[in-house]
Amino acid sequence: MKVSFQALSRHLDLAGVTAERVAEVLPMLGLEVESVTTFGLAPLPLVVVGEIKSFEKHPKADRLSVCQVDVGDGAIRQIVCGAKNFKAGDRVPVALPGTVMPGGFAISVSKLRDVDSAGMMCSSEELGLGKGEDGLLILTPRQPALGTPLNALFGAPDTVLEISVTPNRGDCLGIRGVARDLAAALGLALKPLTVKTAAGLATTPSASDAVKFVRSSSEFCPYYTLRTLKNVKVGPSPEWLRRDLEAAGLRPINNVVDITNWVLLELGQPLHAFDAKKVSQGIEARPAREGEEIVLLDGKKVKLETGVCVIADAQRPLVVAGVMGGVDSGVTDSTTEILLEAAWFRPGEIRRVARRIGVSTDSSHRFARDVDPAGVELASRLATDLLIEHAGAQVAGPAIAVGKPPRADVTIELPAGYVAAKLGTPIADADVNAAFARLGFTVKPSATGFSVLVPSFRSDVSRPIDLVEEFIRIHGTDKVPAGRPIAPLPGDDDALTSVFTREVSARLVGAGFTECCHYSLRDAAELERTLGADKAALVAMDNPLTAEQTHLRASLVPGLAGALALNLSVHADPRGLFEVGTVFRPQADGTVREFISVAFAVVAEPVTRSWKSREAFDALRAKRLLQDVAALAGVTAVRLSFATATGGLWQADHAAALVDRGRAAEGACGVLDLRWTRSLGLKSSVIAGEVCFPRTAFVEARKIPRFEAFSSFPPVTKDVAVIVPVGVAAAEVESRVRQGASKAAGKEFVLESVNCFDVFTGPGLPEGHRSLAFEIRWRHAARTLTDEETNQALGVVIATLEKGAGWTVRR
Amino acid sequence: MQQQLAQLVAAATQEAAAVATRAELEAFKARVVGPNGSLTQVMKGMATLSKEERPVVGKLINEAKKAVEELISSLLVKVENSEIAAALGAPVDPTLPSPDAPVGSLHPLSRTRERILASFRKLGFVVADGPEVETEWHCFDALNTPADHPARDMQDTLYMPKAFRSADAPRKGEEAILLRTHTSSVQVRTMLSRKPPFRIVAPGRCFRRDAVDATHSANFHQVEGLWIDRDVTLADLRGVLDFFVKETFGADAEIRLRPSFFPFTEPSFEMDLRSPNLGRLSNRWLEIMGCGLVDPKVLELCGLDPNEWSGLAFGLGLERIAMLVHGIDDIRHFYNNDTRFLRQFA
């Protein structure tokens with residue numbers, strides 16, 4: 001809302017207070033000042049009225065004129081000018097040398113294209129008076145005397161503060177509300193509002209009223225007043241009124257409309273004026289009937305939702321209550337009799353209806369923020385004063401009121417010492433009460449403390465805690481000291497998801513990976529690739545804003561693949577990239593579950609050349625990294641198994657899907673689908689890995705490891721190599737070796753490890769077979785194992801392996 | 001005798017020059033000091049000498065023996081050196097670059113987040129988290145947001161379809177499921193699940209139905225804090241925020257609390273920051289976060305008796321803090337993932 005310094009001065013005596021001070025004080029009251037601008041003509045003593053005696057074309061520039069100008073000092077000045085909109089004899093503003101224009105431009109005696117120029121003739125915009133007609137500001141119609149300083153013609157400039165009013169402060173959508181807060185903060189008195197029109201309301205129209213009935217049958221309009229004003233002469237508003245509206249950013253229309261708008265700005269109470277001749281019989285606030293339509297003032301035809309509150313006459317709806325009037329009942333130049341509406345509408349309903357119709361007006365904005373019911377009649381009377389004075393109106397009688405104000409002043413019981421306790425600093429109750437008095441609240445002692453009577457214009461203050469806010473606004477937050485030092489609470493620790501995020505990030509950063517951060521919202525194609533079309537539909541949003549951001553992400557890998565491509569395209573070596581974040585995955589039961597995902601991606605072929613080559617990152621290094629990540633989340637290697645991944649993001653036969661036997665984690669690693677990554681512009685294949693954990697996986701605190709004693713005797717190792725058909729997974733063979741080796745150890749000694757150390761295909765092996773060699777290590781807790789024992793044990797392993805169909809142990 | 005010994009030493013020295021391997025060294029040792037070695041033979045001759053000659057000759061022999069032993073140990077060093085050279089290959093040029101990739105780096109948002117969390121941890125705040133897809137009740141109702149509040153509008157908030165079912169945030173009745181607009185929903189979940197007193201900070205990703213530009217992003221990050229205890233005061237709020245700001249922006253940073261409005265706090269404030277170390281944003285008040293005392297209505301909605309418990313809450317935008325701290329001018333840098341940006345903050 002725009003509030004000018006002059007407007008505030010109508011309500012409190014601001015002598016000795018600068019606009020800058022006001023702009024400093026208001027924000028600390030909760031009224032944020034978004035901008036401070038000058039309205040009107042800034043002090044420009046060297047800009048005076050001059051007359052263009054004659055002019056001719058500039059000899060060297062077609063667009064310029066050389067003018068002979070008289071500013072009344074007996075001399076004729078030559079001024080070069082680029083404007084076209086003047087004629088000889090016109091009076092215009094002349095900035096004499098020495099003037100600094102509002103834009104900072106200094107005027108001096110100079111030459112323009114070799115022609116002397118002693119000053120500048122000014123446009124409206126150059127003077128800071130806003131965009132007027134093109135060219136010079138022509139003053140001729142005003143008939144000013146030559147040499148008159150322009151400031152004498154335009155009056156003093158004003159300062160306009162654009163204030164952002166929070167939704168709770170409907171009272172500050174009127175200048176008087178802002179002035180009230182300012183007065184309280186500065187310790188100044190609010191000037192009383194004088195209204196001449198007598199108070200008092202009638203319940204039914206009299207013979208002199210222009211309507212036969214005034215009714216309300218809508219629950220959204222509990223209080224409605226209407227006043228008849230006759231002999232109205234519609235015409236232009238007086239200068240001061242036009243100026244006030246323009247300072248507030250409104251366009252003057254005619255005296256009747258301008259007066260209702262002026263009162264709206266002044267008191268925050270919207271008013272509406274009907275042309276009485278266009279109203280059939282009477283006025284009723286009623287629910288819209290099915291199929292009713294209205295053409296609004298802005299020309300928009302609106303089909304009314306059944307039940308919304310309309311202001312109607314005997315035949316048709318005239319106004320969408322509190323939001324916008326219709327075209328055919330408004331005040332025009334030929335109007336002579338008006339009906340002035342002042343009412344109170346339910347805030348929530350006004351907000352809903354305005355949003356539904358898609359219009360926001362000064363009126364709906366205020367009604368939606370709960371106008372003061374006690375101010376309804378006052379606003380009507382103030383407008384009546386002005387209509388009498390400036391539109392020649394005659395009052396037919398008291399306003400007719402239906403219903404009653406929906407809420408009144410409230411009394412809050414404030415316990416003694418309550419405010420000081422909430423602030424955490426000693427404050428005398430007397431100081432607290434003094435601040436309330438300045439806000440217009442009435443304080444009386446009560447049994448437990450104080451009774452604070454809060455006027456109805458402050459609908460946001462209803463509880464003791466609200467009074468704490470009121471006090472601190474006026475008292476100043478800078479007077480509250482920083483509080484006591486505090487100690488941590490024992491045994492309280494970070495959520496395990498947070499600990500994991502921190503640890504896993506440190507692990508990957510240590511391994512050379514750079515962390516990325518991608519949007520959670522992805523396009524349909526990505527989700528279809530990741531999940532398949534059916535499951536992708538389960539993570540689609542209801543109201544996406546753009547076609548690129550329609551789905552929740554189910555994997556971090558596509559983002560990383562994109563980042564690799566982006567970095568290569570700008571010739572930056574991406575090296576390894578990783579991301580930690582939430583992904584959304586459809587579950588077998590039809591729900592969608594959130595997982596904490598960790599993913600990484602590397603381009604397989606090194607980007608930067610090196611004098612010494614290193615082994616490239618491959619699928620099995622990705623596997624190792626994935627296992628390490630899982631271990632940080634408390635998922636041990638034993639629980640994880642890997643199988644060949646198929647489809648989706650991953651390249652067939654070159655990637656592994658990860659399965660957690662504890663059913664907590666999901667994941668995959670290996671080469672990304674080559675056709676896809678090539679389509680992203682990546683020439684080399686991409687190695688990636690992703691493992692994700694449901695939030696519930698982190699619920700249990702991690703166990704503290706217990707010490708286990710170990711043997712001081714040497715181990716015995718034996719090697720075994722087995723030839724199996726190529727389709728048999730290494731994990732299956734290893735598991736068979738383990739099975740035999742632990743069976744052989746029995747309870748006597750311990751199988752310490754099984755390690756695959758050779759994989760061979762080629763000459764000497766049957767077609768379609770490969771050889772896998774394992775090193776088995778046993779150890780006894782209390783002695784050295786004998787050859788006999790270990791050879792026997794190896795025999796058990798061999799026997800176990802040879803049970804496999806087509807498996808042969810090499811001897 | 002003396003001459004014989006001198007010749008022996010001279011011969012050994014000459015022979016030693018040709019010794020290059022450990023085997024040659026062993027053979028050399030055998031020829032000189034082995035059981036049949038040349039020096040051994042001379043020493044054996046000592047027995048035939050007279051009592052008077054022995055000390056003189058003994059001294060000469062000892063001198064020769066010492067010379068030979070020195071020769072052998074120097075040969076050993078020489079042989080070992082050549083063995084080591086053979087085992088290690090060419091010498092290293094320490095001025096060559098390492099072919100290995102350097103350590104990676106945390107994203108500037110993660111770095112900023114961890115820094116912020118660390119400062120609140122010092123004040124006993126612990127990290128809490130919750131789902132990103134939330135019920136409307138947890139995101140709005142429980143925070144005293146009116147049913148017709150604009151924030152709930154389809155224009156401003158992203159919703160999931162009616163058929164969507166979240167495993168992490170099951171809906172009650174017909175309520176809508178949405179992408180949380182703030183991490184305050186974590187505060188609600190904490191109040192419902194924990195017994196006070198507690199102090200939590202909730203970092204996390206939030207969503208608004210905003211078009212992407214230099215200052216807006218469809219998803220962004222917040223860090224929100226909540227302290228529930230008996231008699232939590234405005235002075236406590238000021239103390240916590242003052243500490244945080246000095247930790248993050250340096251000891252010469254100042255704060256001011258500017259009254260404002262949020263449905264979930266009363267009184268409510270915007271916290272402004274002023275610091276001399278923020279480049280072109282130095283020495284002016286900058287809006288950093290919203291904060292206030294928890295509205296009694298919110299405590300009630302979350303099952304806490306407002307007559308017994310009170311609280312303070314605050315929330316800040318991670319992107320904004322990171323932009324201020326590092327002088328970043330466009331929020332999109334955070335999500336573009338150009339490593340030339342990401343690696344600047346390592």
Side-chain angles (χ1 to χ4, degrees), chain A residues 27-30 166-168 348 351-352 422-425 465-466 468-469 472-473 477 480-483 486-489 492-495 497-498 505 509-510 512-521 541-543 545 549 563 567 570 572 574-575 582 587 590-594 610 612 614 695, chain B residues 96 99-107 109-110 114 123-124 126-129 131-133 148 153-154 158-161 164-168 197-199 205 209 211 218-219 231 233-236 238-239 242 256-261 266-267 269 293 295-296 334-335 337-340 342-343:
Chain A
M28 296 313 287
L29 294 168
T166 52
N168 58 327
R351 196 177 306 141
R352 191 188 70 79
K422 287 291 168 191
L423 298 185
T425 187
I465 195 73
D466 301 328
V468 174
E469 178 166 272
I472 197 65
R473 284 195 319 115
T477 53
V480 176
I486 43 174
L489 300 163
D492 215 0
D493 217 337
D494 288 350
T497 46
S498 163
S505 302
V509 167
F513 289 83
T514 297
E515 191 184 14
C516 292
C517 183
H518 286 93
Y519 293 119
S520 297
L521 311 179
M541 286 180 285
D542 196 30
N543 59 335
L545 184 60
Q549 300 194 324
N567 279 282
V570 297
R575 304 203 292 264
T582 304
Q587 302 295 289
T591 62
V592 172
R593 189 176 287 283
E594 291 186 23
S610 174
K612 188 167 191 171
R614 289 288 196 238
R695 288 181 185 282
Chain B
L96 273 171
D100 295 312
V103 74
S105 60
L106 276 185
H107 193 278
L109 288 177
S110 298
E114 289 308 321
L123 294 177
V126 298
V127 179
D129 81 340
E132 291 180 8
V133 168
D148 57 7
D153 205 279
M154 293 280 283
L158 292 160
Y159 284 87
M160 296 309 290
F164 183 89
R165 286 193 295 133
S166 163
D168 303 271
F198 54 76
R199 286 169 227 151
R205 186 168 279 209
R209 201 164 171 276
N219 66 238
D231 304 323
T233 68
L234 190 54
D236 292 323
R238 200 183 177 90
D242 207 43
R256 74 172 183 189
L257 297 178
R258 186 160 45 76
S260 188
F261 171 74
E266 184 77 22
F269 306 95
L293 298 182
D295 195 293
F334 292 119
Y335 297 95
N337 298 299
D338 188 320
T339 53
R340 292 171 298 173
L342 297 176
R343 295 198 181 115

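Each chain gets a letter, A, B and so on, in the order the sequences are listed, and its residues count up from 1.
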Residue part contacting chain A, namely of [X], when any heavy atom lies under 4.5 Å:
{"X": "L106(B)", "value": "both"}
{"X": "Y335(B)", "value": "both"}
{"X": "R258(B)", "value": "both"}
{"X": "R199(B)", "value": "both"}
{"X": "D231(B)", "value": "backbone"}
{"X": "E114(B)", "value": "side chain"}

Highest number of heavy-atom pairs under 4.5 Å with chain A: which of G239(B), G124(B), P161(B)? P161(B)

For V480(A), the option from L234(B), T233(B), L257(B) that meets side-chain contact (heavy atoms from CB on, under 4.5 Å): L234(B)

Looking at side-chain heavy atoms only, is the closest gap between E515(A) and L342(B) below 4.5 Å? no

By a 4.5 Å heavy-atom criterion (distance strictly below it), what part of T425(A) contacts chain B: side chain, backbone, both, or neither? neither

Between S520(A) and R205(B), a side-chain donor and acceptor under 3.5 Å: yes

Can R695(A) and D129(B) be counted as an ion pair, charged N to O under 4.0 angstrom? yes

